[in-house]
Structures are given as structure tokens and as C-alpha cells.
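Below: one structure, written as C-alpha cells.
Throughout, numbering of the chain's residues begins at 1 and tracks the sequence.
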Amino acid sequence: MRKPYALLLSVFLVLPALLALVATPSYAADNGSWSVYPVSSRIAARPYFYLSADPGQTLRDKVTVANKTGGPLTFRLYAADAYNTARDGGFAVRTLAEKQRGVGAWARPARTRVTVPAHGRVTVPFTLRVPERAEPGDHPGALVALDERIETGSGSLTVGVRRAVAARVYLRVGGPTVPALAVEGVRLTHHQPLVPGTGSSAATVSYTLHNTGNVTLNPKVRLEAEGLFGRTLLSRELADIPSELLPGQRVRLTAPWHGAPQLDWGDVTLTASAPGTKESASASFLALPWLVAVLAVLALAAAVVALRARRARVRPSAPVRPSPRVRTTPFRPRSSRSARP
């Protein structure tokens, strides 16, 4: 009998596919079973924690965990740093096992474990102490309510899931703010038919978007392509760009180019911009179908062979220089004792 295998997955709220922001209240981070959100003031509700502090300052606030199920739930409550996922640049948070350097290291809830009754809610104070040497700029993070129970499925492959929901924390530390972007590693890959003109061609442009500044950016990226003699082949704004590129984060992205030329030579240029910053990077490309490339290589090889053969035929043979004459010494017969008188 085949034994089931358990695969433990720690799933965190922040990816859009895993977490929706739904009602109760409308701004709460919610997964259908529980939600986490900042305590509202008398003036207005807060969708997230928007905090500002100077180095060395201490902030105090409160977070609410609401249980939407018919039974009590116990959560591990902790603070975590945020980052952009490598897959699509989504907002994500570090796990308990990962090292925290920003909000995750500076914020401390008054209780690390909290039990919320059925259809109830619990509010927990927390303290955020900004170090004296904290770098100025944005330090995104979250307050996470993690259900440490492992939910398992059925079948030969059992998947264990830990679910978590978090309220985002946007902390800005006082000091100079520097918005800066970089476009790195531009590459273009062609997808062409073997025989030119027998099908459609396409290309994929890949690049890395890097936030080199200290503030969160909402970048825009424009893709342009030029062929021989400066002909404009493509010019458009790209979609699926992260709406929040966090400080210091890199995201590898791709953009399709449908109808790319099958035979051309030019450049692709990516221009990334955000308030206060704008940077570009380019890469050259040679669109050449495989059949044409093979024929070109064979023709070049044949031309080289023919040229060498022609040179060998017309090259005059070099005259042979005569060997230098060698002086010989006259032979003198050696006398023997027997021949002496």
C-alpha cells in the first residue's frame, strides 16, 4: 500500500490569490475565517497602519483580530518585514523562521498568542521602537495572526497548510528620501517559425526592475523597439508591473512582443519611471530564422572553402634554392709500415 506523504506549506496572506480584502470591516485583511486590522480612531477607519517616526522614537498602537467562525481560534501574533515576491512582485511578509531587520524586529505585540472567541474580536496593543541608527525612508512590514494548526487534506498526497492573515504596516523614518529606479538585465528571446513566412513570430522581453532608493515606488514601464535605419517597431506601456516596489527590492519581469519581426536587426529599450526618478536600459537583437541562419552559415563555409581552393590553384610554386657546394678534402692514401723499405 502506498504511504501518504505530508507536505507542509506555510501560506501567508499577502498574495492577492491567497487573500482578499473584504467586509467586516471593508478595509480588513481577511481570509474568510478571521481578519486583522488597525484599531479605528473616532474620526476615520484606517485601511493599514500608516506610521511615521524619527530615529530613536517609540510608537504605540493597537491591532484587532476578529474571529468569523463558530468556534474559538488561537493565533500566534508577531511582526514581520515585507518584501516583493520574485514571481510577480506581490506584497509578502517574512515567516517566523526568517531574520527580521525592520518593522519585524522593531515592533512587539503585548501578547504573542491570543485566543479569539467565536464571532468575537480581541484588540492587542503593540510597541514599535525605531533604533537610533535606523535608515531614513520607508520600512514596510505587517502584524501577522498565524493559525499554527496544520490543516491537512485527503488522498495519497496530503498537503498541510498553515494559514495567516496580516495587517500591513507602512512606516516612514524621518530623514532624506531618495526615489531611485534601475532597469537591469534586459534580454530578448525570439520564437520564430523554421521557415520564414510560414507562421507568426513573437518574442519575450525579460528584465529586472530594481528599487535602488529608500521609498516605496509605483513604477511605470514603457517598452520601445527600433529596427534597421531607426524604424519604430514597437512602443507601448507595459502591464502587470508591481504597484508597490519596496525599497531595495528586485523583481524579474517579462513582457510579450506579439508580431515581432522575423528578419531584422535593432534594439529594445525599457524605460522605468516613478515620481522623482526615470531610468532606461537597452539590448540589441538580431531576428534571424533558424533556416536562414543555417543556410547563411553553410554559404559562408562554402565561400571560405572555395576561396582557399582558388588561392591554392593560383599560388606560384616557390623556386627551390640549390644546395650550397660542399668542399671536399683530397684523399691521400695512408702509408703502412709494411710498405716502408
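- Take P117 and apply the side chain to side chain contact (heavy atoms under 4.5 Å, CB included) test, not counting sequence neighbours, and it matches V122.
- Remark: D88 CG to I241 CD1 distance equals 11.5 Å, nearest 0.5 Å.
- For the 3.5 Å distance criterion, the side chains of R121 and Y37 qualify, holding a donor opposite an acceptor.
- Closest of all the heavy-atom pairs between L246 and N84 is N-OD1, 2.9 Å.
- Between D267 and S284, the side chains place a donor N or O and an acceptor N or O closer than 3.5 Å (distance only, hydrogens not considered).
- A salt bridge is defined here as a Lys NZ or Arg NE, NH1 or NH2 lying under 4.0 Å from an Asp or Glu carboxylate O, and D147 with R76 fails to meet this definition.
- Relative to the six-membered ring of F126, R108 misses at least one condition, a distance below 6.0 Å or an angle of at most 45° to the axis.
- Residues Q262 and S201 come closest through the heavy atom pair CG-OG, 3.4 Å.
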Exercise for review: Carefully, step by step, assess E224 and R236 under the rule salt bridge (charged side-chain N to carboxylate O under 4.0 Å, His left out).
Suggested key: CA-CA 7 Å; E224 297 175 318; R236 65 182 174 90; over 6 Å; no

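- Here K68 pairs with D30 in a salt bridge; the nearest charged N to carboxylate O distance falls below 4.0 Å.
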Review point. Does the side chain to side chain contact (heavy atoms under 4.5 Å, CB included) test come out yes or no for Y78 and L143, once each step is laid out?
Key: CA-CA 6 Å; Y78 71 98; L143 286 166; over 6 Å; no

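- Counting only N and O atoms by type, the side chains of Y170 and E244 include a donor and acceptor under 3.5 Å apart.
- Of the residues S280, S282, S235, the one that meets the side-chain hydrogen bond (donor to acceptor under 3.5 Å, both in side chains) test with T269 is S282.
- Residues S33 and R163 bring a donor and an acceptor atom of their side chains to less than 3.5 Å of each other.
- Aromatic rings from W34 and F75 are positioned such that their centres are separated by under 6.0 Å.
- With 3.5 Å as the limit, one finds a donor-acceptor pair spanning the side chains of R252 and S206.
- Contact record, A167 with P38: CB-CD, 4.5 Å, taken as the closest heavy-atom pair.
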